[in-house]
Amino acid sequence: MHGKENDADSEMEELQLQGRMRSIKQKFIVLSGKGGVGKSTVAANLAVSLALKGKKTGLLDVDLHGPSIPGLLGIKDKRILTDANGNITPLDVSENLKVVSVGLLLDSHKDAVIWRGPMKYGVIRQFLKDVEWGDLDYLVIDSPPGTGDEPLSVAQLVGFNSAAVIVTTPQMIAIDDVRRGISFCEKLDIPVAGIIENMSGFSCPHCNELSNLFGSGGGEKLAEECKVPFLGKIPITPEIASGGDKGQTFVKEYSQTAAAKAFDKIVDSLISKTEKNDNQIKETKQMKIAIPTAAKKLCMHFGHCEEFALIDVDSTAKKILKTEYVVPPPHEPGLLPKWLHEKGANVIVAGGMGQRAQNLFAENNIIVVTGAIGEAPEDIALAYLNKTLQTGSNTCDH
Ligand code: ADP
C-alpha cells in the first residue's frame with residue numbers, strides 16, 4: 001500500500017517536472033570535463049548576455065560542490081525562499097534574469113556542501129521540479145563538473161529542448177576531458193551546441209592585445225575532429241575573476257574587453273542556432289500523436305494495448321488531420337518506442353508508463369505525457385493541443 005502511494009507521489013512529481021521543463025523554450029547545460037576551467041564563469045556570463053539581449057533567462061546553479069554563481073553575480077548575501085509547498089521562487093537579479101543557486105539556499109554561503117550520491121540526484125531533481133521560473137526563453141544550467149553521475153542526472157532530467165555547451169581550456173589535458181564530455185552527450189542523445197575554449201590566450205588589460213601564454217586553438221581542432229560546432233575563445237582576463245556586482249557580471253561591466261565581445265558573439269550564435277531550429281526542437285506544426293487504445297478508447301495498459309491510434313495533427317491550428325489505428329508488434333521491452341518512432345510519432349499520450357519506457361521514448365525523440373484521463377483518442381489529442389488534457393497519476397507501470 002505504502003509503496004503504491006509513493007509511486008503515485010513520484011508520478012505526480014514527474015508530471016510537475018515535465019510541466020516545468022516544458023515552459024522553458026531552450027535549456028543550455030554548461031558542462032566541463034573537470035573543475036576549474038571556468039564552467040561557472042561561462043554559465044553566468046552566458047546567462048547575463050542572454051538577458052541583456054532581451055531574452056527571458058534563468059540561471060540555475062546545481063554545482064553542488066562549489067556553488068560559485070552567487071559570488072560571480074555579487075549576490076552572495078541574498079537568499080531565496082521556499083513556500084510551504086516546497087516551491088522555490090527564483091531571485092530576480094536584473095531585468096530578464098532570474099537566478100537559483102544551491103548556494104542561495106544555505107544558511108551561510110561559507111557552509112561546506114557535502115551531499116551523498118543519491119541525495120545529490122534528489123536535490124538536482126527537486127531543483128528542476130520546484131523552481132517556479134514561469135515562461136522562459138532560456139535556462140542556463142551550471143552543472144557539476146566532470147562526466148559522472150551528477151551532470152548525467154542533470155542532462156537526463158531536463159529532457160527536451162536542451163543542448164550542451166562544453167567548456168574547456170587550451171591544454172591537451174583538458175582536451176581529453178572534453179572528448180569524454182562529447183561522448184557522454186552522444187550516449188544520452190543530447191545535442192552539443194558547441195565548445196567554448198576558455199582561458200585562451202591573455203588579453204592585456206591596458207591595450208587589449210592578445211598573447212597565447214598557454215596555447216590556443218586546441219578546442220577548435222577538437223570541435224572539428226568531433227564534428228561539433230566551435231563557439232569561440234574567451235581570453236584570460238583579470239577582470240573576469242574580480243566578481244560581479246548587482247547581478248551584472250563581467251560582460252556588462254567590462255563590455256569593451258575582448259572577452260566580453262567574445263561572449264557577445266557566442267551568445268548571438270547560440271540564439272540564432274536555437275531560433276533557426278525552433279521548429280525542430282520544439283513541437284512541430286505537423287505532429288503525430290500516438291495513443292494506446294482498446295476498443296478504440298484510451299487503454300491504461302500501454303505495453304499491452306490492442307492498437308495505437310496515430311493521430312496527425314496541425315498543432316498551430318489545433319486541428320486533427322487524420323486518424324489511423326495500427327496494431328503494435330508483440331510486446332518486447334524497448335521495442336515500442338523504436339516502432340512508434342519509425343511510424344513518425346512525436347508525442348505519446350498514455351495513462352501509465354514506467355520510467356524506463358519514458359527514457360526510451362525520450363531517446364527516440366518522442367514527448368511522453370503520462371497519467372492521461374479520457375476515452376476517445378481524438379478528444380485526448382485535441383485536449384493535448386489545447387493544453388486542457390486532464391492528467392492524474394501514472395496509472396500503470398507495466
Ligand atoms: P569551474 O566552474 O570550471 O570550476 P570557475 O568558473 O569557477 O571554474 O573558474 C575558476 C577560476 O578561474 C575562477 O577564479 C575564475 O574567476 C577564473 N576564470 C575563469 N575564466 C577566466 C578567464 N577567462 N580569465 C581569467 N580568469 C578566469
Side-chain angles (χ1 to χ4, degrees), residues 28-49 59-76 99 101-104 109-110 112-113 124 140-148 150-151 154 164-171 173-178 180-181 184 195-206 208-220 230-245 248-267:
F28 289 121
I29 309 167
V30 185
L31 295 170
S32 65
K34 59 176 189 128
V37 300
K39 173 181 54 59
S40 301
T41 305
V42 167
N45 284 289
L46 290 182
V48 172
S49 288
L59 173 59
L60 176 64
D61 173 14
V62 283
D63 186 346
L64 305 176
H65 300 267
S68 45
I69 294 292
L72 285 162
L73 294 178
I75 51 169
K76 265 193 196 168
V99 177
S101 163
V102 65
L104 299 175
H109 56 257
K110 293 181 202 79
V113 189
I124 293 172
V140 178
I141 303 173
D142 183 13
S143 64
T147 47
E150 297 160 54
V154 178
V165 171
I166 300 177
V167 183
T168 182
T169 57
Q171 290 91 339
I173 217 162
I175 299 281
D176 275 345
D177 292 317
V178 183
R180 267 200 297 279
F184 159 99
I195 295 178
I196 295 178
E197 186 176 290
N198 186 33
M199 307 196 200
S200 175
F202 175 70
S203 168
C204 169
H206 305 294
N208 264 348
E209 194 176 315
L210 271 178
S211 43
N212 291 326
L213 293 183
F214 307 112
S216 165
E220 200 164 2
F230 182 70
L231 291 168
K233 296 177 193 172
I234 314 284
I236 295 173
T237 314
E239 295 88 341
I240 281 191
S242 65
D245 187 26
Q248 295 302 7
T249 77
F250 167 80
V251 281
K252 173 85 189 282
E253 286 170 51
Y254 299 96
S255 58
Q256 287 317 307
T257 56
K261 287 181 183 159
F263 272 119
D264 194 66
K265 247 176 92 181
I266 289 170
V267 167

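Heads up: numbering here begins at 1 and tracks the sequence. We count ligands from 1, going down the list as the structure has it; atoms in each ligand are counted the same way. For clarity, every value in this text was computed on a predicted model and none was experimentally measured.
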Heavy-atom closest pair, residues Ala262 and Lys233: CB-O, 3.3 Å

So which heavy atom on Ser143 is nearest to which on Val62, and how close? CA-CG2, 4.1 Å

If you measure from each heavy atom of Ala43 to ligand 1, is any distance below 4.0 Å? no

State whether the side chain of Asp264 and the backbone N or O of Ala260 hold a donor-acceptor pair below 3.5 Å, judged by distance alone. no

Closest non-hydrogen atom pair between Pro235 and Ile240, with its separation: O-CD1, 4.4 Å

Heavy-atom distances under 4.0 Å are what count here, so tell me which part of Pro145 touches ligand 1: side chain, backbone, both or neither. neither

Out of all atoms in ligand 1, which are within 4.0 Å of some heavy atom of Lys39? Include the element for each. 1 (P), 2 (O), 3 (O), 6 (O), 8 (O)

With atom 21 (C) of ligand 1 as the reference point, say which of Ile240, Leu72, Thr257 has the nearest heavy atom. Ile240

Distance alone, cut at 3.5 Å: any donor-acceptor contact between the side chains of Thr169 and Asn198? no

Which heavy atom of Phe263 sits nearest to which heavy atom of Leu46, and what is that distance? CD2-CD2, 4.1 Å

Heavy-atom contacts with Asn198 under 4.0 Å: which atoms of ligand 1 show up? List them by number with element. 19 (C), 20 (N), 21 (C), 22 (C), 23 (N)

Would Ile69 and Leu59 count as a side-chain contact (heavy atoms from CB on, under 4.5 Å) if you check the C-alpha gap in whole Å, the side-chain angles of each, and the deciding distance to 0.1 Å? CA-CA 9 Å; Ile69 294 292; Leu59 173 59; 3.6 Å; yes

Would you say Gly36 contacts ligand 1, with heavy atoms under 4.0 Å as the rule? yes

Could you say whether the N/O atoms of Ser32 and ligand 1 ever approach to under 3.5 Å? no

Is there any N or O on Pro235 that sits under 3.5 Å from an N or O of ligand 1? yes

Looking at Glu239, is its backbone amide N or carbonyl O close enough to the side chain of Thr237 to form a donor-acceptor pair, meaning the two atoms are under 3.5 Å apart? no

Could you say whether the N/O atoms of Lys34 and ligand 1 ever approach to under 3.5 Å? no

Below 3.5 Å, N or O to N or O, backbone or side chain included: is there any such pair between Thr237 and ligand 1? yes

Does ligand 1 come near enough to Gly35 that some N or O of the ligand is less than 3.5 Å from an N or O of the residue? no

Would Val42 count as being in polar contact with ligand 1, using the rule that some N or O on each side must be under 3.5 angstrom apart? no

